[in-house]
Structure formats: structure tokens, C-alpha cells
**Student:** 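Quick one: this structure, given as C-alpha cells, is what I'll be asking you about.
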Amino acid sequence: QDLCLIRCDVDPDVCDDGLYCNGIERCDLDNDEADEYGCVLAEETPCPVDACSEAEQRCLEPCEANPDRDGDGHDSIECGGDDCDDSDATVPGAPFTGSVTIREASELAALWGVPEITGDLRIEYASALTNLDELQCLTSVGGNLRISDNSSLTSLEGLGLLETIGGFAGIINNDVLTSFDGLENLTTVGGLSISAHASLTDISGLSSLVSVSGSLFVYVRNLNKERH
């Protein structure tokens with residue numbers, strides 16, 4: 001036995017290896033796993049190994065540690081990217097070429113992960129449709145967008161990444177829709193018509209819209225405003 005050893009019961013500091021990410025070592029002379037100084041490893045670490053910065057002596061926020069968890073080259077939308085499902089490397093997928101019409105809620109699933117529709121997107125007369133969550137990756141519609149006569153649609157928040165609509169946008173006669181929350185990233189449309197919403201009281205979701213190259217018609221009865 002090395003008589004020069006200073007055990008941790010005499011000097012607890014001998015257990016400190018100076019590293020942050022592996023936790024705080026402790027003195028436990030009776031522990032079978034103790035080293036020659038009487039020290040054992042920390043019972044827990046301050047954060048997962050892949051989310052710890054030894055250089056900065058701190059735990060990293062999830063978006064700092066790994067903004068692209070599925071490794072597909074697209075950061076998650078929570079981290080400012082365009083990946084609406086960062087657990088699936090196939091999302092976002094390829095653009096949808098052409099036009100598509102949705103008239104059943106179940107049909108919307110075919111557009112999950114699609115970042116772009118080159119033609120028109122029509123979502124109409126889908127009486128069971130309550131939300132547009134399957135469109136969370138959609139950033140642009142090259143043609144017209146029409147969302148109309150969907151009697152159960154309560155939210156547009158699935159369109160949170162939508163930035164541009166090349167053609168005309170018509171959001172018409174969705175009886176229980178109360179706001180345009182979810183369209184905050186929409187900046188450009190070729191034209192816009194909003195009308196005949198029985199419950200709509202808030203259109204502030206269009207606050208980022210800066211370019212309407214064609215006609216503009218907004219009639220919201222409950223706001224008592226009409227614009228041409």
C-alpha cells in the first residue's frame with residue numbers, strides 16, 4: 001500500500017476529476033467500486049453526454065445539441081428548420097407535382113411531409129376535417145389555394161410553415177373557424193379572398209402578409225370590416 005496516498009476522508013477534493021459532464025464524484029470508502037483514494041463515480045450526470053459541453057461547463061439546449069435528430073439534413077421546425085417530423089428521415093419529402101383536391105379528411109394524410117405543391121391545393125367540402133396538421137411541412141403552393149366549405153374545420157395551425165402562394169388564396173365559408181392563427185409565416189399571395197365565416201373573429205394571423213399581387217377581398221362579419 002502506498003503510504004503517501006491521501007484518501008478522500010482526509011481530503012474530499014481528491015475525488016474531483018475537474019470534469020463537469022461526468023457529474024460530481026463522491027467519497028465512499030466502503031463502496032466496493034471505490035478507487036484507491038476511496039472515491040466513486042457520480043450517481044448521475046448533469047445532462048445526457050451528447051447534450052453537455054465540457055468546454056462551457058454547461059448543459060446544452062436541445063436545439064444546440066442536435067437540431068437535426070434524424071440526420072436528414074433538415075433541422076426541426078422547433079429549431080428554426082423545415083422538418084416537421086425530426087424522427088423520420090424521409091420527412092420532409094419530395095414536392096408534389098401538379099394539383100390536388102381534398103374532400104375527405106383521410107385524404108390529407110397523403111400530403112404529410114410534402115414541402116411544396118407545384119399546382120393548386122383545394123380543400124373543400126370535407127365535413128369531418130377539423131385541422132390541417134398533415135400540412136405542417138408545406139412551405140409553398142405554386143398555384144391557387146382554396147380552403148372552403150369545411151364545416152368542422154377549427155384550426156389553420158397546420159399551415160405554420162406556409163410562406164408563399166403563387167396563385168389566388170380563397171378561405172371561404174368555414175363555419176366554425178374562429179381565427180387565422182397558423183398563417184403567421186405567410187408573406188406572399190397572388191390574390192386573396194376571405195368571406196362567409198360565421199365564427200371568425202380574428203385575422204391577425206395574416207400579420208406577416210406583405211405582398212398581394214392580385215385582387216384582395218376581405219369580409220369578416222364579426223369584425224364589422226369590409227375591404228376591397
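Every heavy atom of this structure was used, including side-chain atoms; hydrogens, water molecules and symmetry mates were not.
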**Student:** Tell me if a side-chain donor or acceptor on His197 pairs with a main-chain N or O of Ser179 at a distance below 3.5 Å.
**Tutor:** no

**Student:** Checking Glu44 side chain against Gly23 main chain: does a donor-acceptor pair fall under 3.5 Å?
**Tutor:** no

**Student:** Do you reckon Val212 sits in the same ILVMFWY cluster as Leu121, going by side-chain contacts under 4.5 Å, direct or chained?
**Tutor:** yes

**Student:** Got a second to check how far Ser208's OG is from Glu163's CD, nearest 0.5 Å?
**Tutor:** 10.0 Å

**Student:** Measuring from atom OG1 of Thr101 to atom CZ of Arg122, what distance do you get when rounded to the nearest 0.5 angstrom?
**Tutor:** 6.0 Å

**Student:** Closer than 3.5 angstrom, by distance alone: can the side chain of Gln136 be matched with the main-chain N or O of Asp133 as a donor-acceptor pair?
**Tutor:** yes

**Student:** With the side chain counted from C-beta on, respond yes when Val176 and Asn150 share a heavy-atom pair under 4.5 Å apart, and no when they do not.
**Tutor:** no

**Student:** Please indicate whether Ile172 has more than 12 foreign heavy atoms, meaning atoms of other residues, nucleotides or ligands, lying under 6.0 Å from its CD1.
**Tutor:** yes

**Student:** Looking only at non-hydrogen atoms, find the nearest pair between Cys137 and Pro92 and report the distance.
**Tutor:** SG-CB, 4.1 Å

**Student:** Counting N and O atoms only, with roles assigned by atom type, does the side chain of Thr139 sit under 3.5 Å from a partner on the main chain of Pro115, one being a donor and the other an acceptor?
**Tutor:** yes

**Student:** Kindly determine whether Asp75 and Asp83 satisfy side chain to side chain contact (heavy atoms under 4.5 Å, CB included), including the steps that lead there.
**Tutor:** CA-CA 6 Å; Asp75 290 349; Asp83 194 335; over 6 Å; no

**Student:** What are the two closest heavy atoms between Val91 and Trp112, and how far apart are they?
**Tutor:** CG2-NE1, 3.9 Å

**Student:** Search all heavy atoms of Asp88 against all heavy atoms of Asp70 and return the closest pair with its distance.
**Tutor:** O-OD2, 2.7 Å

**Student:** Give the intermediate values and the outcome of side chain to side chain contact (heavy atoms under 4.5 Å, CB included) for residues Glu54 and Leu19.
**Tutor:** CA-CA 7 Å; Glu54 193 64 58; Leu19 299 175; 3.9 Å; yes

**Student:** For the atom pair CG (Leu138) and CD1 (Ile165), what is the distance rounded to the nearest 0.5 Å?
**Tutor:** 8.5 Å

**Student:** When you measure from the side chain of Thr118 to the backbone of Gly98, do you find a donor-acceptor pair of N or O atoms at a distance under 3.5 Å?
**Tutor:** yes

**Student:** What's the verdict on salt bridge (Lys or Arg N to Asp or Glu O under 4.0 Å) for Glu64 and Arg58, showing C-alpha distance, side-chain angles and the deciding distance?
**Tutor:** CA-CA 12 Å; Glu64 293 180 287; Arg58 69 179 181 89; 2.7 Å; yes

**Student:** Under a 4.5 Å cut-off applied to non-hydrogen side-chain atoms, are Leu153 and Ile147 in contact?
**Tutor:** yes

**Student:** Flag yes if Leu156 and Phe168 sit in one hydrophobic cluster, no otherwise; membership is Ile, Leu, Val, Met, Phe, Trp, Tyr, and two members link when side-chain heavy atoms are under 4.5 Å apart.
**Tutor:** no

**Student:** Is Ser152 reaching over with its side chain to a backbone N or O of Leu129, donor-acceptor style, under 3.5 angstrom?
**Tutor:** no

**Student:** Within the distance-only criterion (no hydrogens, no angle test), does the side chain of Thr188 pair as donor or acceptor with the backbone N or O of Thr164 below 3.5 angstrom?
**Tutor:** no

**Student:** To the nearest 0.5 Å, how far apart are CD in Glu157 and CG in Leu132?
**Tutor:** 10.0 Å

**Student:** Compare every heavy atom of Ala34 with every heavy atom of Asp28, then report the nearest pair and how far apart it is.
**Tutor:** O-CB, 3.5 Å

**Student:** Would Ile117 and Val100 count as a side chain to side chain contact (heavy atoms under 4.5 Å, CB included) if you check the C-alpha gap in whole Å, the side-chain angles of each, and the deciding distance to 0.1 Å?
**Tutor:** CA-CA 8 Å; Ile117 295 172; Val100 59; 4.2 Å; yes

**Student:** Are any of the side-chain heavy atoms of Ser193 and Ile171 separated by less than 4.5 Å?
**Tutor:** no

**Student:** Should the SG-SG distance of Cys15 and Cys27 be recorded as below 2.5 Å?
**Tutor:** no

**Student:** The test is side-chain hydrogen bond (donor to acceptor under 3.5 Å, both in side chains); show your working for Asp50 and Asn66 and say whether it passes.
**Tutor:** CA-CA 8 Å; Asp50 60 355; Asn66 191 4; 5.7 Å; no

**Student:** Counting distance only, does the side-chain N/O of Asp68 pair as donor-acceptor with the main-chain N or O of Gly71 below 3.5 Å?
**Tutor:** yes

**Student:** Quick check on Tyr37: does its OH atom have over 12 non-hydrogen neighbours (other residues, nucleotides or ligands) under 6.0 Å away?
**Tutor:** no

**Student:** Can you name the nearest heavy-atom pair linking Asp86 to His74, along with the distance?
**Tutor:** OD1-O, 3.6 Å

**Student:** Can you confirm whether more than 12 heavy atoms, excluding those of Leu60, are under 6.0 Å from its CG atom?
**Tutor:** yes

**Student:** With a 4.5 Å heavy-atom cut-off, do Asn22 and Leu41 have their side chains touching?
**Tutor:** no

**Student:** Keeping Thr45 on the side-chain end and Cys47 on the backbone end, is there a donor-acceptor pair under 3.5 Å?
**Tutor:** yes

**Student:** With rounding to the nearest 0.5 Å, note down the distance linking CG in Leu186 to CZ in Phe180.
**Tutor:** 10.5 Å

**Student:** Heavy atoms, side chains only, cut-off 4.5 Å: are Ile194 and Leu200 in contact?
**Tutor:** yes

**Student:** I'd like to know if Ile77 and Leu111 are part of one continuous hydrophobic network [Ile/Leu/Val/Met/Phe/Trp/Tyr, side-chain heavy atoms within less than 4.5 Å].
**Tutor:** no

**Student:** Distance check, rounded to the nearest 0.5 Å: Asp181 atom CG versus Ile203 atom CD1?
**Tutor:** 11.5 Å

**Student:** Going through the distances and angles, do Thr187 and Leu209 end up as a side chain to side chain contact (heavy atoms under 4.5 Å, CB included)?
**Tutor:** CA-CA 4 Å; Thr187 61; Leu209 188 61; 5.7 Å; no

**Student:** Any chance you could lay out the disulfide bond (SG atoms under 2.5 Å apart) test for Cys52 and Cys21, step after step, and finish with the verdict?
**Tutor:** CA-CA 6 Å; Cys52 189; Cys21 292; 2.0 Å; yes

**Student:** Between the side chains of Asn174 and Asp149, does any donor sit under 3.5 Å from an acceptor?
**Tutor:** no

**Student:** Under 3.5 Å, side chain of Thr154 to main-chain N/O of Thr130, donor-acceptor pair present?
**Tutor:** yes

**Student:** Work out which heavy atom in Glu36 is nearest to a heavy atom in Arg7; give both atom names and the distance.
**Tutor:** O-CG, 4.4 Å

**Student:** Are Leu135 and Leu161 connected into the same hydrophobic cluster when the rule is that any two of I, L, V, M, F, W, Y join if their side-chain heavy atoms are below 4.5 Å apart?
**Tutor:** no

**Student:** Do Ile24 and Leu29 sit in the same hydrophobic cluster, where Ile, Leu, Val, Met, Phe, Trp and Tyr count as joined when their side-chain heavy atoms come under 4.5 Å apart?
**Tutor:** no

